[in-house]
Amino acid sequence: MSTTLNIALIQSNLYWEDPAKNRKMFEEKIDTIADRVDLIVLPEMFTTGFTMKPENINPIEGHKTVEWMLQKAREKDAAIIGSIISQEENNFYNRLWFVQPDGGMSTYDKRHTFTLAGEDKVYSKGDKKIIEYFRGFSFYPLICYDLRFPVWSRNIEDYDVLIYVANWPKKRINAWDTLLKARAIENMAYCIGVNRIGTDGADFEYPGHSAVYDVLGELLAYSEAEEILYATLDKEHIENTRKKLRFLEDRDSFNLIG
């Protein structure tokens with residue numbers, strides 16, 4: 001089994017509340033990615049932008065997007081990650097999907113809904129973490145505002161890679177840059193952050209700053225442009241650094257409640 005994993009991060013503008021256009025746009029971008037890539041990461045709410053009016057989106061669009069993700073994962077022989085609006089009965093969720101090329105899927109509902117934008121009034125929050133395993137690596141995927149809460153991301157499972165998908169605005173981008181690096185260092189894990197660019201339908205501007213940090217907080221990839229970023233994760237880097245420095249052995253023991 002290979003000890004490396006090749007990843008692609010798609011940093012893009014989004015069509016406001018238009019799933020069909022966004023799927024087409026991301027399909028064109030994904031089709032340009034080389035076959036050697038194992039994991040493709042898309043932004044938060046990649047089919048709509050960060051809308052607080054999920055009722056504007058036909059519920060069938062969520063099912064269409066998941067089927068589309070499955071199809072592209074099979075075609076590229078790569079896992080695909082991104083969050084979309086999902087509806088169950090009368091509840092809306094900002095739900096991340098982790099889709100694998102063999103058809104395996106798992107989901108994570110955003111734990112920390114963004115109260116400043118009223119997300120907590122529109123979307124139901126999740127209460128469960130997921131750790132996903134793929135090609136020799138373990139992943140802990142999270143969504144945007146979760147980045148500000150280190151207890152929720154604390155590496156008590158010895159995961160290898162922490163992933164944040166986001167619509168993080170320009171006015172607070174310094175926090176994004178700082179916290180991504182901090183999450184990598186404190187958890188001794190690769191930390192990946194994928195943000196969007198452009199201006200959304202609510203006139204919020206997004207500057208990108210998608211990035212990949214290694215276990216020591218060294219920057220491996222970064223961009224402020226509309227482009228696809230690439231990086232290679234190395235399992236031996238994780239294992240050797242943790243064995244040498246052993247910081248995780250001194251972490252506090254606790255259980256998450258509620």
Lys/Arg N to Asp/Glu carboxylate O, Asp77 vs Arg135, below 4.0 Å: yes

Test log, rule side-chain contact (heavy atoms from CB on, under 4.5 Å), inputs Ile228 and Gln11: CA-CA 6 Å; Ile228 301 174; Gln11 179 166 277; over 6 Å; no

Criterion side-chain contact (heavy atoms from CB on, under 4.5 Å) on Met188 and Leu245, from CA distance to verdict: CA-CA 10 Å; Met188 298 198 76; Leu245 299 179; 4.1 Å; yes

Distance in Å, Arg183 CZ paired with Ile192 CD1, rounded so as to fall on 0.5 Å steps: 15.5 Å

Ion pair check, Arg111 and Asp127, cut-off under 4.0 Å: no

From Ser210 atom OG to Ile197 atom CD1, the distance as rounded to the nearest 0.5 Å: 9.0 Å

Close aromatic pair by centroid cut-off 6.0 Å: Tyr108 and Phe98: no

Phe50 six-ring centre to Arg196 NZ/CZ under 6.0 Å and within 45° of normal: no

OH (Tyr222) with more than 12 external heavy atoms under 6.0 Å: yes

Parallel, tilted or perpendicular: rings of Trp68 and Phe46 (30°, 60°): tilted

Lys125 with Glu119: basic N within carboxylate O range, under 4.0 Å: no

Lys NZ or Arg CZ of Lys21 over Tyr15 ring: under 6.0 Å, within 45°: yes

Separation of Asn6 CG from Leu233 CG (nearest 0.5 Å): 8.0 Å

Spacing of NZ belonging to Lys243 relative to CD belonging to Glu249, to within rounding of 0.5 Å: 11.5 Å

Carboxylate-amine/guanidinium proximity below 4.0 Å for Lys72 and Glu75: yes

Leu142 side chain reached by Ser153 side chain, heavy atoms, under 4.5 Å: yes

Validation row: Ile85, Thr51 side chains within 4.5 angstrom (heavy atoms): yes

Cation over ring face, Lys129 and Tyr140, 6.0 Å, 45°: yes

Centroid separation Tyr123 to Tyr93 less than 6.0 Å: no

Stepwise side-chain contact (heavy atoms from CB on, under 4.5 Å) check, Asn167 with Leu14: CA-CA 10 Å; Asn167 279 206; Leu14 302 175; 4.3 Å; yes

Phe139 and Phe134 aromatic ring geometry - parallel, tilted or perpendicular at 30°/60° bounds: tilted

Member of Asn240, Thr3, Thr4 meeting the side chain to side chain contact (heavy atoms under 4.5 Å, CB included) criterion with Lys235: Thr3

Gap separating the CD1 atom of Ile7 from the OH atom of Tyr190, nearest 0.5 angstrom: 9.0 Å

side-chain contact (heavy atoms from CB on, under 4.5 Å) assessment of Trp97 paired with Ser106: CA-CA 6 Å; Trp97 292 79; Ser106 59; over 6 Å; no

Donor-acceptor contact present, side-chain Asp146 to main-chain His112, <3.5 Å: yes

Option among Leu96, Asn94, Thr65 that satisfies the side chain to side chain contact (heavy atoms under 4.5 Å, CB included) test with Ile84: Thr65

Salt-bridge criterion met for Asp158 and Arg251 (N-O under 4.0 Å): yes

